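Since this is a predicted model, take the numbers as computed values, not measurements. The chains referred to below are lettered A, B, ... by the order of the sequence lines, with proteins before strands, and numbering in each begins at 1.
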Amino acid sequence: AAGVIQSPRHLIKEKRETATLKCYPIPRHDTVYWYQQGPGQDPQFLISFYEKMQSDKGSIPDRFSAQQFSDYHSELNMSSLELGDSALYFCASRSRSGGRTTDTQYFGPGTRLTVL
Amino acid sequence: LAKTTQPISMDSYEGQEVNITCSHNNIATNDYITWYQQFPSQGPRFIIQGYKTKVTNEVASLFIPADRKSSTLSLPRVSLSDTAVYYCLVGNTGRRALTFGSGTRLQVQP
């Protein structure tokens, strides 16, 4: 079965550079979530999109922005990178099912961002 | 979302049954209980979800007492590959994001 695809899988950037992470949700999933997981930390929610509109916002820095496109893929844009941005970034998607509580989120393999 | 409390870590041996208990005293009437599993450097993976009594699937069982203030994830006959972090999440998430607390790090030894 198709899973959530994230690219790139690994990314190395210098401080103050920019980075773009991409997420391709499972086909027919209409909601995308972005999470950040620092070393030894638990995943923290950043932002989510439903039907191409931002639906919820978590602890996403102002230096970050994201959007969901017409084909439902999403991109997380990160500017003025800091050392503390080094983390695993996960994308998750959820199916269009009328909002049943029992619907689960399916996570991608993550993008490991290292800021030097 | 209701706050959850679960053990920081647990150790087990291959072939044993492992039970991880999660406390959620402030669970609301319309909240569900969901467990996720996360291997190192991988995204969390849904294991099981329940509302009350007992739920079983091919991976685990979830026991929820009548007062729903706690729940127990049961992994039958664990193997080395079950070594992971297990997260208990409580809420009526709908389309809302997941809020991960501190999970339980399970270490299975030979």
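Only the side chain of Q37(A) has a heavy atom closer than 4.5 Å to any heavy atom of chain B. No part of T34(B) comes within reach of chain A, as not one of its non-hydrogen atoms sits under 4.5 angstrom from that chain. For Y87(B), the part sitting under 4.5 Å from any heavy atom of chain A is the side chain, from C-beta outward, and nothing else. Heavy atoms of D42(A) lying under 4.5 Å from chain B belong to its backbone as well as its side chain. Interface residue P109(A): only backbone heavy atoms are found under 4.5 Å from chain B.
At least one side-chain heavy atom of Q105(A) sits less than 4.5 Å from a side-chain heavy atom of Y36(B). Looking only at side-chain heavy atoms (C-beta outward), F100(B) and F45(A) stay at 4.5 Å or farther from each other. Looking at heavy atoms from C-beta onward, P44(B) lies out of side-chain contact with Y35(A) at the 4.5 angstrom threshold.
Hydrophobic clustering of Ile, Leu, Val, Met, Phe, Trp and Tyr side chains at less than 4.5 Å, counting indirect connections, unites L21(A) with I60(A). Under the 4.5 Å side-chain contact rule for hydrophobic residues, V18(B) and L73(B) share a cluster. Cluster membership check: L46(A) does not share its hydrophobic cluster with F69(A), using side-chain heavy-atom separations under 4.5 Å among Ile, Leu, Val, Met, Phe, Trp and Tyr. Under the 4.5 Å side-chain heavy-atom criterion for ILVMFWY residues, a single connected hydrophobic cluster contains both L11(A) and W34(A). Hydrophobic clustering, with ILVMFWY side chains joined whenever heavy atoms are under 4.5 angstrom apart, groups V59(B) together with I33(B).
Within a 6.0 Å sphere centred on OH of Y13(B), other residues, nucleotides and ligands contribute 12 heavy atoms or fewer. No more than 12 heavy atoms of other residues, nucleotides or ligands lie within 6.0 Å of CG in D62(A), so this atom counts as exposed by the packing criterion. Heavy-atom neighbours of L116(A) CG from other residues, nucleotides or ligands within 6.0 Å: above the threshold of 12.
Interatomic distance, CZ of F90(A) versus CD of Q38(B), reported as 5.0 Å (0.5 Å rounding). Interatomic distance, Y106(A) OH to R45(B) CZ, rounded to the nearest 0.5 Å: 11.0 Å.
Looking at Y33(A), its side chain never comes within 3.5 Å of a backbone N or O of L98(B) through a donor-acceptor pair.
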